[in-house]
Novice: 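Dropping a structure here in structure tokens format, bear with me for questions.
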Number of protein chains: 2
Amino acid sequence: MRILVIEDEPGIANFIKQGLEEESFAVDIANDGTMGIETALTGEYDLILLDWMLPGISGIEVCHQYRKVNTDTPIIFLTAKDTVQDTIFGLQSGANDYIKKPFAFDELLERIRVQLRPKSGEHETFTLGNIELNTRTHQIFKNDEEIFLTQKEFALFEFLLRNKGKVCRRTQIIESVWDIHFEYNTGVIDVYINALRNKLDMKESGPHIKTIRGVGYIAKDL
Amino acid sequence: MRILVIEDEPGIANFIKQGLEEESFAVDIANDGTMGIETALTGEYDLILLDWMLPGISGIEVCHQYRKVNTDTPIIFLTAKDTVQDTIFGLQSGANDYIKKPFAFDELLERIRVQLRPKSGEHETFTLGNIELNTRTHQIFKNDEEIFLTQKEFALFEFLLRNKGKVCRRTQIIESVWDIHFEYNTGVIDVYINALRNKLDMKESGPHIKTIRGVGYIAKDL
DNA sequence: CTCTTTCTTAAGATTTGCTTAAAATGGAAT
DNA sequence: ATTCCATTTTAAGCAAATCTTAAGAAAGAG
């Protein structure tokens, strides 16, 4: 799950980035409206957090522009203003929700989840055989026994499960999970796949992550 | 499906090459404008990815030159520039689309597919009897049972299916699938045709790959 | 029947992925 | 700031799958 934060104050931007990364979202920051709209349009994000007050192009303007091209990706406004007027205006411009600064991080998280839930059309848990992944609580159970994964392990596994049955190409994985876009000559994926297979105890029979040589991996039941 | 990438930065060029090869395109790289236009004119490519900023001859110039000779092959510009002016200018010079760097690989892939789809006039799946090939997910099903092919096997089979009913000459095959252009005295094709017939279980009756003695092969239903 | 082309198999070369250990990174605690 | 610890990444040797070559067997053409 990739999130773009369009916010000029580095302090706030980094605070949000860190918090979201702890929840294993992949977060990019754009620090002004121009960069923001450009990045939003090039990259593929699942959600956009948009500051109301931006130097140069305003948040509303960014939202307007973006909505001309993309009407699916949810946008949540971050705003210091708090009049009802502004709120209505913001939502009319195409945003899906808004949150007033200062805000409790958990509240932000909650609103993000609300926006992401209906979009994926999925539940908040995914399963692979007897393994269950809960995106909400960030836990993994195998036969009701909890298994602890690190951030990256979890993010990779979640990506595979969200695409269960479909082939996940190495390029897709390195982009979605590691956020690396150009030059890519690393063996990280192999290492983490290996870790997953070990921790989740995926031998021959039973659910497994199959490798498609020269292409990538695929998670399959049975 | 053959793609030429004209791009001077090795990092980006190789990243694109790998990504596209995972999708089983045959990719060649030219690292400057002169080489680029030369290769574009000699080889037979289905699509060209052209960097805007090139040492020596610029991307626009390459595009202009190329369009004097060939007006069919789609060209997609890769550009760091982002002004509307440049874009319009680029498209006027004969390009079919453009994409701003940095871009998400999936977006590039999508644009490539948009360009290739109308040209081939085909869908993203091909069938041969009860066998179905999905170019998108890179999978093959026979009566809804998945059959795993290697890269080369898949590429060869895809080529045959794209030309279903038409005779595929050995020279065509070796050029499109193996990217070998001149000297050619190898028995690889035979070996791979054999592998396909085995894996896909093509006996006499039923769908099969018929061999045309002295010429090549043809994929036929029934 | 003889010659040519294709089929089939097996073995060698090459590429790709697996696995492990060690180095780098980053956070938390002292 | 320093140390410690967990996580992430890099690197390298090994294993396995794939690709290519080659050579004898089979099949088709004349």
Side-chain angles (χ1 to χ4, degrees), chain A residues 14-15 17-24 26-27 138 140 147-157 159-160 167-171 173-174 177-180 183-204 208-218, chain B residues 14 17-19 21-22 24 26-27 138 140 147-157 159-160 167-171 173-174 177-180 183-204 208-219:
Chain A
N14 288 323
F15 170 74
K17 182 180 167 77
Q18 164 159 15
L20 292 178
E21 280 175 349
E22 285 171 6
E23 296 288 327
S24 81
V27 181
H138 231 264
I140 290 187
I147 293 174
F148 293 94
L149 297 186
T150 68
Q151 296 277 42
K152 275 276 144 66
E153 287 165 355
F154 190 92
L156 173 58
F157 192 47
F159 182 79
L160 290 171
V167 176
C168 301
R169 299 169 208 303
R170 297 178 95 92
T171 314
I173 295 174
I174 210 73
V177 181
W178 272 268
D179 212 5
I180 296 173
E183 46 222 281
Y184 144 58
N185 58 334
T186 168
V188 247
I189 298 177
D190 308 54
V191 174
Y192 274 82
I193 290 285
N194 187 237
L196 282 184
R197 297 211 253 232
N198 285 337
K199 284 201 180 180
L200 301 173
D201 189 32
M202 293 168 161
K203 306 290 179 186
E204 309 80 74
H208 56 266
I209 300 172
K210 187 172 160 55
T211 123
I212 313 286
R213 202 149 228 264
V215 182
Y217 298 88
I218 181 173
Chain B
N14 287 324
K17 184 179 165 74
Q18 162 157 17
E21 282 175 348
E22 287 173 3
S24 83
V27 181
H138 225 267
I140 289 186
I147 293 175
F148 291 93
L149 297 186
T150 69
Q151 295 272 72
K152 276 276 143 64
E153 287 165 356
F154 190 93
L156 173 58
F157 192 47
F159 182 79
L160 290 171
V167 176
C168 301
R169 280 181 247 97
R170 297 178 92 93
T171 321
I173 295 174
I174 210 75
V177 181
W178 273 268
D179 211 5
I180 295 172
E183 99 287 3
Y184 142 58
N185 59 333
T186 168
V188 247
I189 299 177
D190 307 55
V191 173
Y192 274 82
I193 290 285
N194 186 237
L196 281 185
R197 297 211 253 232
N198 285 337
K199 283 202 180 180
L200 300 174
D201 189 32
M202 292 168 160
K203 307 288 179 188
E204 307 80 74
H208 57 267
I209 300 172
K210 188 174 161 57
T211 123
I212 313 288
R213 201 147 225 272
V215 183
Y217 299 88
I218 182 173

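Everything numeric in this text was worked out from a predicted model, so none of it was measured. So you know, we letter chains A, B, ... as the sequences are listed, proteins then strands, and number each from 1.
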Novice: Take atom CD of E153(A) and atom P of dA6(D), then tell me their distance rounded to the nearest Å.
Specialist: 14 Å

Novice: Regarding Q151(B), tell me which of base, sugar-phosphate or nothing describes its non-hydrogen contacts under 4.0 Å with the strands shown.
Specialist: sugar-phosphate

Novice: Roughly how many Å is it from NZ in K210(B) to P in dA27(D), rounded to a whole number?
Specialist: 15 Å

Novice: Within 45 degrees of the axis of the six-membered ring of F148(B) and under 6.0 Å from its centre: does K199(B) put its NZ or CZ there?
Specialist: no

Novice: Within less than 4.0 Å of OP1 or OP2 of dT8(D), is there a side-chain N or O belonging to W178(A)?
Specialist: no

Novice: Using five base pairs at each end to define the local axes, how bent is the helix from dC1(C)-dG30(D) to dT30(C)-dA1(D), to the nearest 10°?
Specialist: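 End-to-end axis angle: 30°.
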
Novice: Rounded to the nearest 0.5 Å, what's the gap from CD1 on I193(B) to CG on N198(B)? Could you check?
Specialist: 11.5 Å

Novice: What's the verdict on side chain to side chain contact (heavy atoms under 4.5 Å, CB included) for L200(B) and I140(B), showing C-alpha distance, side-chain angles and the deciding distance?
Specialist: CA-CA 9 Å; L200(B) 300 174; I140(B) 289 186; 4.2 Å; yes

Novice: Write down the distance between CD1 (I189(B)) and C1' (dT21(D)), rounded to a whole number of angstrom.
Specialist: 14 Å

Novice: Expressed in angstrom and rounded to an integer, what is the separation of E22(B) atom CD from dT15(C) atom C1'?
Specialist: 14 Å

Novice: Nearest to the side chain of K152(B), heavy atoms from C-beta on, is which of dT8(D), dC19(D), dT10(D)?
Specialist: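 Closest nucleotide to the K152(B) side chain: dC19(D).
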
Novice: Given D190(B) and R170(B), is the side chain to side chain contact (heavy atoms under 4.5 Å, CB included) satisfied, shown in steps?
Specialist: CA-CA 10 Å; D190(B) 307 55; R170(B) 297 178 92 93; 2.4 Å; yes

Novice: Output yes when a side-chain donor or acceptor of E21(B) lies under 3.5 Å from a complementary backbone atom of A26(B), and no otherwise.
Specialist: no

Novice: Return no unless some side-chain N or O of T150(B) is found under 4.0 Å from OP1 or OP2 of dC19(D).
Specialist: yes

Novice: Enumerate the protein-to-nucleotides 2-6 of chain C contacts in which both atoms are nitrogen or oxygen and the separation is below 3.5 Å.
Specialist:
residue: dT5(C); atom: O2; partner: R213(B); partner atom: NH2; Å: 2.7
residue: dT6(C); atom: OP1; partner: G214(B); partner atom: N; Å: 2.8

Novice: Given atom CD1 of I209(A) and atom P of dC18(C), what is their separation to the nearest angstrom?
Specialist: 10 Å

Novice: For T186(B) and dT21(D), is the shortest distance between a side-chain N/O and OP1 or OP2 below 4.0 Å?
Specialist: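 Yes, within the criterion.
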
Novice: Nearest whole angstrom, please: distance from the P of dA6(D) to the NZ of K199(A).
Specialist: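 So the NZ-P distance, K199(A) to dA6(D), works out to 12 Å.
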
Novice: Expressed as a whole number of angstroms, how long is the span from I174(B):CD1 to dT20(D):C1'?
Specialist: 11 Å

Novice: For the residue pair W178(A) and Y192(A), does the interplanar ring angle fall in the parallel (under 30°), tilted (30 to 60°) or perpendicular (over 60°) class?
Specialist: perpendicular

Novice: Is the distance from OP1 or OP2 of dT8(C) to the nearest side-chain N or O of N194(B) less than 4.0 Å?
Specialist: yes

Novice: Starting from the C-alpha separation in whole Å, work towards a yes-or-no answer on side chain to side chain contact (heavy atoms under 4.5 Å, CB included) for Y217(B) and R169(B).
Specialist: CA-CA 7 Å; Y217(B) 299 88; R169(B) 280 181 247 97; over 6 Å; no

Novice: Calculate the interatomic distance between K17(B) atom NZ and dT15(C) atom P; express it in whole Å.
Specialist: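 Nearest whole value for this atom pair: 12 Å.
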
Novice: Pick from L156(A), V177(A), L160(A): which one makes a side chain to side chain contact (heavy atoms under 4.5 Å, CB included) with C168(A)?
Specialist: L160(A)

Novice: For the side chain of R197(B) and the backbone of I209(B), is there at least one donor-acceptor N/O pair under 3.5 Å apart?
Specialist: yes

